[in-house]
Amino acid sequence: METIANDFTINIATANGTGSQSANLILLQSLFEMGVPVSGKNMFPSNISGLPTWYIVRLSNHGYQAPGNRTHIQVLVNPATWHEDLESLEPGSVVIWNENAKMEMTRDDIISYPIPMSKLARTINPKIAKLVTNIIYVGVLAEILGIDQDELEAAVAKQFKGKATAIELNITALGLGRDYFKENLTKSDPYVVEKRPIEKPQFFIEGNEAAALGCIYGGVQMLAWYPITPSSSLAEGIINYIPQLRTDDDGKVTCAVVQAEDELAAAGMVLGAGWAGGRGMTATSGPGISLMQEFIGLGYFAEIPSVFWDVVRVGPSTGLPTRTQQSDITMLYEGSHGDTQHIVLIPGTVEECFEYGWRTFDYAERFQTPIFVLSDLDLGMNRWACDGFEYPDQPMDRGKVVRDRDMFEAFEEFGRYLDVDGDGIPYRTLPGSGMDPILYRGTGHNTKGQYSEKPHDYYDLMMRLRRKIDGARDELPAPIIREEKECQVGIIYLGSMENTIQEIDDLLEETGIKVSQCRVRALPMHSEIENFIRRHEVTVVLEINRDGQLYGILRKELPNELIPKVLSVAYSDGIPPRAKIYFERILEVLKEVGK
Amino acid sequence: METIANDFTINIATANGTGSQSANLILLQSLFEMGVPVSGKNMFPSNISGLPTWYIVRLSNHGYQAPGNRTHIQVLVNPATWHEDLESLEPGSVVIWNENAKMEMTRDDIISYPIPMSKLARTINPKIAKLVTNIIYVGVLAEILGIDQDELEAAVAKQFKGKATAIELNITALGLGRDYFKENLTKSDPYVVEKRPIEKPQFFIEGNEAAALGCIYGGVQMLAWYPITPSSSLAEGIINYIPQLRTDDDGKVTCAVVQAEDELAAAGMVLGAGWAGGRGMTATSGPGISLMQEFIGLGYFAEIPSVFWDVVRVGPSTGLPTRTQQSDITMLYEGSHGDTQHIVLIPGTVEECFEYGWRTFDYAERFQTPIFVLSDLDLGMNRWACDGFEYPDQPMDRGKVVRDRDMFEAFEEFGRYLDVDGDGIPYRTLPGSGMDPILYRGTGHNTKGQYSEKPHDYYDLMMRLRRKIDGARDELPAPIIREEKECQVGIIYLGSMENTIQEIDDLLEETGIKVSQCRVRALPMHSEIENFIRRHEVTVVLEINRDGQLYGILRKELPNELIPKVLSVAYSDGIPPRAKIYFERILEVLKEVGK
Amino acid sequence: MSDRPKRAARAIKLNMLDEPKDSYTGGKSSLCPGCGHDQISNVIITAAWENGIEPHRVAKMSGIGCSSKTPAYYLGQSHGFNTVHGRMPSVTTGAYSVNKDLLYIGVSGDGDSASIGIGQLIHAIRRNMDMVYIIENNGVYGLTKGQYSATADIGSKKKKGAPNETQPIDLCALAINLGCSFVARSFSGSKKQLGSLLKAAMSHKGFALIDVISPCVTFNNNDESMRSYGYVKDNEITLHMTDYIPHFNPVQEVEVPEGHFTDITLHDGSTIRLETISAEHDPGNAVAALTALHEAEMNKKHVTGLLYFDSSKPSLAEDMDLVDTPLVDVPDTVLRPSKDTLDKINAVLHS
Amino acid sequence: MSDRPKRAARAIKLNMLDEPKDSYTGGKSSLCPGCGHDQISNVIITAAWENGIEPHRVAKMSGIGCSSKTPAYYLGQSHGFNTVHGRMPSVTTGAYSVNKDLLYIGVSGDGDSASIGIGQLIHAIRRNMDMVYIIENNGVYGLTKGQYSATADIGSKKKKGAPNETQPIDLCALAINLGCSFVARSFSGSKKQLGSLLKAAMSHKGFALIDVISPCVTFNNNDESMRSYGYVKDNEITLHMTDYIPHFNPVQEVEVPEGHFTDITLHDGSTIRLETISAEHDPGNAVAALTALHEAEMNKKHVTGLLYFDSSKPSLAEDMDLVDTPLVDVPDTVLRPSKDTLDKINAVLHS
Ligand SMILES: Cc1ncc(C[n+]2csc(CCOP(=O)(O)OP(=O)(O)O)c2C)c(N)n1
Ligand SMILES: Cc1ncc(C[n+]2csc(CCOP(=O)(O)OP(=O)(O)O)c2C)c(N)n1
Ligand code: SF4
Ligand code: SF4
Ligand SMILES: [Mg+2]
Ligand SMILES: [Mg+2]
């Protein structure tokens with residue numbers, strides 16, 4: 001039998017709260033350190049313990065990061081999903097299963113490796129047998145696939161930093177798994193891992209942690225948050241880094257943290273901080289964004305620098321809190337009542353999570369408006385490979401603030417909302433500074449900031465606001481374009497789809513189509529995007545939602561003649577995008593227009 | 001000098017809280033009863049007393065209802081806006097001014113009628129001189145224009161129903177105004193009113209009151225509200241009609257009213273009522289809609305019949321609370337995070353306010369979803385002429401509710417979220433009924449309503465929801481189309497623009513353009529709208545906001561080939577639309593496309 | 001449900017409606033094994049069964065949180081609504097407005113009730129809406145993995161992180177101050193006390209708040225936590241033993257207390273009997289209740305029992321002057337006034 | 001402002017900063033003539049002037065309502081933020097977090113604070129955020145034309161409509177129960193009492209709540225209203241006479257009281273002197289304060305004075321462990337950690 005090296009998918013079915021997450025991460029980490037191109041996706045339930053969880057480990061010679069299109073090796077530990085999991089396997093798949101789960105093996109067209117996982121686990125410590133079970137299947141996998149024992153042990157050490165007993169216990173358990181397989185079973189499957197030279201050193205990190213670090217380096221001065229999956233780890237990341245990075249010798253901090261009473265309050269705090277001249281932020285998810293709508297309108301209208309991270313989960317409503325989606329796009333872009341328009345940054349890699357972490361504050365203070373960052377559960381909570389973080393290449397941009405009397409006197413006429421420079425961005429003074437005081441308000445105001453109901457004050461203000469945000473277009477991160485010279489089919493996509501786009505591209509190219517890629521990184525959209533569309537015969541807008549929200553924005557904003565060239569593929573079911581599903585849908589819409 | 005009869009505009013500048021509103025309504029009412037085509041628009045400030053208020057009375061032989069494009073007769077009572085008001089007048093305008101206001105008459109190119117209003121008022125009762133001042137200018141106007149004394153007195157009696165002293169005092173004051181003019185001044189202006197036969201009997205009523213009545217006839221069972229201009233009078237209208245229309249002999253009511261603690265709570269109450277099988281509603285404005293976003297998503301996802309009136313005022317944020325706008329359209333149509341789509345009804349007349357008042361409940365229960373009604377301050381709080389209200393022509397549609405065991409047993413399989421009829425609308429059972437119980441939730445669920453995170457349950461549910469709302473398109477009120485056979489230029493517009501459209505149309509036709517009109521009355525948009533666009537050479541979407549929100553929705557949804565035929569004119573400054581402004585902008589965009 | 005065929009006689013205990021306890025259970029819990037919330041679910045099941053509540057006349061309401069998931073685990077024959085975070089009171093108010101005759105049993109968490117939801121809780125109390133409102137209070141946000149909630153006691157320390165330093169909100173004190181008509185505190189481990197308080201709350205007309213200390217075994221059950229099983233057991237001050245005597249079975253045997261006792265009659269005629277333990281606590285005296293709570297807080301103790309009770313307050317339905325028939329049962333022809341009335345209105349407006 | 005040229009000497013009274021009272025006034029009020037809120041604005045102007053507050057070190061915060069409009073009418077040389085309805089506390093918390101050294105003076109209405117905003121108010125109190133929070137309490141929603149608010153007393157009747165029947169929220173009782181560190185009640189007509197309470201509140205570090213009965217002349221000043229000028233004058237129970245002795249002028253003459261008095265030292269060294277009137281009220285005793293409020297409510301009276309005071313509570317800035325320099329003044333180079341630190345982090349992650 002020919003071996004298949006580094007190119008298959010492992011699906012591990014457990015229940016959450018049983019310690020499987022650390023076992024899976026040890027597996028992932030050890031593969032990664034062997035130089036195997038690998039990615040991991042956690043499909044966990046919205047409860048604390050006992051419900052089905054799947055972890056998908058994809059090894060891919062092409063470097064594909066998406067969960068694969070089929071499972072090659074199934075680890076079966078959870079009786080609750082046993083049959084379902086078994087049934088979905090293609091013939092010939094490998095199944096490593098817990099013989100002690102009191103469940104039957106009902107398939108005979110697969111390669112079966114029964115392992116008495118619970119029994120083995122009990123030999124170590126009956127009290128924590130459930131926990132140990134998980135690391136045993138890692139040992140079995142290590143043996144079957146040929147994972148380096150050294151790398152495994154290093155990964156265990158990394159996972160349980162400093163906890164000697166835990167490390168020892170896990171290493172013993174790994175051994176039990178390995179030994180059991182070695183002694184009782186024979187490998188009859190083709191899957192192996194092969195060590196590869198590591199070209200560029202990388203590490204695994206979750207987008208939320210990267211973002212947290214970025215915020216710290218952005219000089220965040222106030223974090224107000226209310227816990228909500230999948231954004232909590234972003235806020236907690238900041239909190240965790242403060243002692244190391246933002247604390248003086250007396251243990252005092254330069255970043256205030258408030259656990260707010262809800263998202264409305266968190267949004268208010270962010271505006272308060274921005275109004276007072278500080279860098280305030282919050283991190284939340286869909287329900288929080290909905291609750292913040294009133295304050296978002298205030299931030300837009302009173303022009304308050306403020307930063308809002310939306311780590312998107314599946315909506316509407318409470319939806320699937322632990323599943324991923326690219327929605328809320330329309331809501332972020334046009335949030336709140338009346339007429340509004342907001343700047344949205346869209347990271348697609350952990351490096352960008354870090355970068356936008358600091359850069360967003362610069363934009364917020366530059367444009368004096370709420371800035372949103374659209375991340376999602378997949379990017380935020382799964383581990384992504386990272387080259388390392390780059391230190392900001394420019395000092396903090398604090399925007400147009402009048403800080404002293406000299407600067408103030410230089411104005412021919414000063415007005416908080418006067419467009420002095422023609423870019424729609426006025427100058428501001430800060431409370432406590434002694435500079436021109438104003439009473440900010442969410443009601444109509446003139447260029448001096450005074451209350452006004454005059455039709456023209458209102459009209460002028462609104463037109464300036466439009467100019468201001470619209471003018472930001474080309475100052476925001478430009479799209480990342482990877483273009484084929486044939487300019488046949490362009491794919492416009494965003495955010496975490498970055499993990500899947502190459503695989504989709506390759507699938508399409510296999511059918512003979514030349515595909516260019518254009519990743520949108522901010523709204524309002526950069527003018528390069530229009531050019532990209534113009535250059536290509538046809539463009540597909542690819543997104544992980546039902547309604548094609550990004551596509552809708554493009555249709556609104558593109559010149560008429562380009563609209564017929566733009567097609568929409570939008571699909572969402574909670575799972576990180578599997579290339580095949582999107583590939584097939586793209587083929588379909590292309591066929592409809594005769595491509 | 002030739003007289004100008006029934007075709008001029010009076011602008012009355014006072015301060016609010018001084019009783020000018022009742023004086024102005026008496027003026028309006030008496031003109032109306034004389035058969036003069038007249039309309040009144042109140043431009044009031046956002047405070048309780050003392051700030052500038054303008055009331056515009058437009059007499060128009062063409063029946064134009066918009067505030068005119070210039071002022072012919074200015075009544076000047078308020079020193080605060082004296083100069084501003086004076087300066088904006090065209091030469092030859094008439095000015096009736098309070099000689100006792102300690103302000104100068106700085107124009108000599110106008111027809112000046114100085115009246116010692118305060119002094120005259122003091123002769124009646126020095127304590128309430130400020131109040132009486134207002135009715136004195138009505139007396140003066142009556143004399144100048146030739147308003148029937150009988151009609152005036154009838155209007156006074158109507159305004160102060162039953163309050164004999166108030167009636168007497170006002171009639172005396174009217175007389176003082178009349179007499180002063182007669183004895184001391186000579187008419188030197190051309191403006192007169194002429195009695196006209198009344199073709200069809202009409203009355204004046206505010207949209208909010210009409211809507212309130214409609215809701216009462218819709219069998220509203222619960223009203224939850226939180227005060228906010230300009231929606232409060234809708235809620236208070238319902239409250240006022242309950243004793244007369246929804247109270248039994250023991251004084252007990254069939255409509256619960258809760259003054260909620262805020263808009264979030266009001267929205268929750270509406271959902272609660274709908275969930276329990278009742279007809280619940282709320283009325284609010286922009287800030288309230290923003291606050292309701294989270295609950296709106298729950299209503300959509302859990303499929304709860306519920307009714308939300310948005311009487312729009314100028315946004316964003318607190319904006320201009322006492323001024324009118326047609327915004328929030330996008331927010332109502334796609335409100336809440338995730339992917340959503342909502343039904344929005346858009347009344348354009350007081351008759352429709354009444355009709356949608358009852359009909360919306362039918363739609364809500366039919367489609368099991370939140371339904372929005374988009375009204376605005378102009379329609380809601382100004383008095384519009386009305387032919388009378390038509391009793392509902394069909395019994396209440398309570399939608400697909402399984403009310404008894406027989407009905408229940410008839411199902412092959414029952415599931416709260418099962419699409420039995422293929423229209424995307426499932427059947428529901430009510431709490432307390434003993435029928436199939438379910439635990440409603442905002443989290444993912446299968447067709448039985450059970451918690452589910454399964455990709456396909458989620459996907460199927462979302463696709464059904466889209467089908468359901470999309471399927472409502474042609475069951476909602478069709479657009480009102482007034483078509484010229486030439487099908488040159490079409491104007492698509494909505495809501496309170498109804499008051500101005502004919503004047504705009506006439507202005508356009510004067511330039512030789514043939515104009516058809518299409519008033520959108522609901523979202524998602526009726527297929528007739530697409531046909532209208534298809535038939536016309538070019539179509540302009542006309543709306544009172546900055547961003548062209550309705551236009552944006554059309555761009556998203558129209559077939560590609562129609563998009564170039566559709567243009568946008570959006571303008572908003574808080575004032576009810578003046579025909580000329582929109583007319584000029586329409587000409588401009590038409591010129592741009594070479595029309 | 002009530003008209004389904006009679007079961008063959010078996011040795012199954014039935015309640016006054018001839019229903020076995022099974023008719024009151026729900027789905028399998030997905031909470032962590034040992035979670036206090038599951039204990040409370042069991043007490044709810046038992047109380048509803050013993051009280052002979054018709055399951056289909058109950059509405060189970062909740063917000064979001066581990067606690068708010070529990071309506072799926074009890075009373076499977078009742079409708080319910082697992083709403084959004086902190087906003088269950090408003091949804092219940094709406095439902096109650098149109099169907100005032102259901103028994104509304106709300107379950108919430110301390111995050112749900114004391115943080116995001118405190119405004120709605122306060123206003124539901126203020127309106128004296130008829131409902132049983134159970135707070136499953138563990139001092140942390142369980143479902144989001146253990147952040148302190150606004151009820152975490154000063155000095156209490158959860159499994160991970162520093163001790164809480166922020167002033168807690170005592171929801172019972174808050175409720176008493178607002179004039180809540182039924183205020184009790186209990187512990188998820190005190191099955192009997194909680195059971196009788198719950199049954200009494202079901203018999204009460206008006207807002208009945210029961211704040212139940214319900215340990216979170218995963219995040220807040222360590223020894224340094226003031227809401228761990230251990231701490232509560234050692235630091236509970238029981239105001240009185242409680243017994244519940246249902247109106248349909250007044251002769252039901254109750255343990256006769258040694259000392260004296262107070263019987264409190266509830267709206268449906270049932271009785272809650274408070275057997276004095278140490279000092280006498282008069283649940284009619286708000287200031288006394290507040291004093292007991294303030295003292296317990298200072299001494300880092302938890303007082304449990306019926307803290308405050310007032311049967312004289314009109315409930316929301318009375319305040320709203322609703323017709324006797326629940327509005328959902330009022331026929332459409334009554335809800336929509338006749339054509340006559342509209343003709344009259346048109347005529348008046350035209351005049 | 002402080003460095004503008006000296007004015008020519010004139011017979012204008014100046015405060016310790018050599019500022020005339022004019023430096024503390026604001027724009028012309030647009031409220032109804034006679035509105036209680038305007039009286040309060042005047043007291044704020046006087047108190048700030050007399051206390052020698054630097055106007056540019058004040059931040060005026062408010063929500064939405066007639067009351068919340070007033071920051072436009074006082075302290076014209078201060079920055080301010082007229083935010084959204086009921087959410088001023090959160091905006092203030094954010095501002096305070098980055099600039100803890102400003103004096104935050106918040107003004108709110110009873111609608112703003114007791115209905116839509118009660119959650120934020122409670123949590124700001126709980127955090128003991130340094131601010132003066134004035135509630136201009138008229139029992140109605142003035143700006144939306146006179147609906148009852150959640151503080152309307154039972155049986156009180158506004159100009160139009162039926163008497164209020166719903167249980168009111170006593171914001172002072174609520175605050176005391178939450179452990180608020182400074183709680184007072186006053187009346188817009190009691191210039192002297194309100195003035196000294198306000199000055200004391202400005203000297204307090206922590207959350208200082210002053211609930212001021214402030215009649216709405218347009219909608220709620222009729223005789224049947226318990227918040228009319230007439231009613232309050234006749235039914236006020238003053239707990240004590242109050243005097244304020246500023247730290248910068250301790251020898252300032254104060255009327256020596258007949259009976260005995262209590263001096264309370266505030267955080268900046270100033271003193272508030274409470275002169276006993278009838279029964280002694282100990283503002284350190286929460287239960288006593290609650291009792292006084294409960295009794296007054298039963299008797300349809302309003303108690304005024306300093307109800308509760310606790311100087312021992314750490315303020316929010318202390319809880320947050322902030323560096324001494326207000327964060328807005330911390331240089332960018334300190335806010336952004338050095339490149340070194342990031343290199344190290346990258347290295348650790350790579351390892
Ligand atoms: C609007 C909104 N914000 C945040 C969340 C996330 N969330 C879910 S449960 C929860 C807290 C639950 O704590 P608690 O009410 O104490 O319940 P417990 O889990 O402790 O029983 C939070 C913050 C949410 N679902 N919705
Ligand atoms: C979100 C929102 N809801 C409603 C309103 C309308 N509104 C403006 S002021 C006000 C009530 C004000 O009452 P209160 O706080 O007591 O102030 P007062 O006018 O009595 O001083 C309301 C409901 C609003 N501005 N925003
Ligand atoms: S996390 Fe805590 S509250 Fe949630 S189920 Fe587990 S033990 Fe219970
Ligand atoms: S309405 Fe009432 S609260 Fe508002 S300004 Fe007038 S008197 Fe004051
Ligand atoms: Mg909790
Ligand atoms: Mg008020």
Side-chain angles (χ1 to χ4, degrees), chain A residues 45-46 264 285-287 289-291 293-294 296-298 300-302 310 312 314-323 325 327-328 330-331 334-341 441-444 453 455-456 458-459 462-463 466 545-547 549 552 555-556 560-561 563-564 571-575, chain B residues 45-46 264 285-287 289-291 293-294 296-298 300-302 310 312 314-323 325 327-328 330-331 334-341 441-444 453 455-456 458-459 462-463 466 545-547 549 552 555-556 560-561 563-564 571-575:
Chain A
S46 175
L264 288 93
S285 192
I289 294 290
S290 278
L291 288 171
Q293 290 301 305
E294 191 193 17
I296 286 165
L298 176 65
Y300 174 75
F301 200 49
D310 179 6
V312 182
V314 172
S317 196
T318 309
L320 308 178
T322 57
R323 297 295 155 90
Q325 185 167 76
S327 61
D328 306 355
T330 325
M331 184 162 223
E334 298 182 356
S336 208
H337 59 280
D339 291 299
T340 64
Q341 189 189 7
R441 56 177 84 249
T443 40
E453 294 175 346
H456 267 285
Y458 173 78
Y459 179 78
M462 289 302 288
M463 295 314 276
R466 179 196 274 179
N545 57 45
R546 183 192 66 180
D547 288 342
Q549 300 189 9
R555 264 183 94 90
K556 274 198 196 177
N560 290 341
E561 72 274 16
I563 291 180
Y571 175 85
S572 168
D573 62 7
I575 308 292
Chain B
S46 175
L264 287 94
S285 192
I289 294 290
S290 278
L291 287 171
Q293 289 301 304
E294 191 192 17
I296 286 166
L298 176 64
Y300 174 76
F301 201 49
D310 179 6
V312 182
V314 172
S317 196
T318 309
L320 307 179
T322 56
R323 297 297 154 90
Q325 185 167 75
S327 60
D328 307 356
T330 324
M331 184 161 223
E334 298 182 357
S336 207
H337 58 280
D339 291 299
T340 64
Q341 189 189 8
R441 56 178 85 248
T443 40
E453 296 175 347
H456 268 285
Y458 172 77
Y459 179 79
M462 289 301 287
M463 295 314 275
R466 178 195 275 179
N545 56 46
R546 182 191 67 179
D547 289 341
Q549 301 189 8
R555 264 184 95 89
K556 274 197 195 176
N560 290 340
E561 72 275 16
I563 290 179
Y571 175 86
S572 167
D573 62 8
I575 308 292

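Throughout, a chain's letter reflects where its sequence line sits, starting with A, and its residues are numbered from 1. None of the values given here were measured: they were computed from a predicted structure.
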Proximity breakdown for A/I563 and chain B, heavy-atom pairs closer than 4.5 Å: both
Given A/G297, A/P455, A/S327, A/G315, the one with more heavy-atom pairs under 4.5 angstrom with chain B than any other is A/P455
Which bit of B/T340 comes within less than 4.5 Å of chain A, counting heavy atoms only: side chain, backbone, both or neither? both
Bottom line for B/T322: the part with an atom under 4.5 Å from chain A's heavy atoms is side chain
Partner of A/T443 under side chain to side chain contact (heavy atoms under 4.5 Å, CB included), chosen from B/T318, B/L320, B/V314: B/T318
So what's closer than 4.5 Å to chain B heavy atoms on A/R441: side chain, backbone, both or neither? neither
Residue B/L298 versus chain A: region with a heavy atom under 4.5 Å: both
For A/E334, which atoms come within 4.5 Å of any heavy atom of chain B: side chain, backbone, both, or neither? side chain
Honestly, the part of A/Q549 sitting under 4.5 Å from a heavy atom of chain B is side chain
Does any backbone or side-chain atom of A/L264 lie under 4.5 Å from a heavy atom of chain B? Answer side chain, backbone, both or neither. side chain
Which portion of A/S336 sits near chain B, non-hydrogen atoms under 4.5 angstrom: both
State which residue, out of A/R466, A/Q341, A/K556, fulfils the side-chain hydrogen bond (donor to acceptor under 3.5 Å, both in side chains) condition with B/D547. A/R466
Please classify the contact of A/R323 with chain B as side chain, backbone, both or neither, using a heavy-atom distance under 4.5 Å. side chain
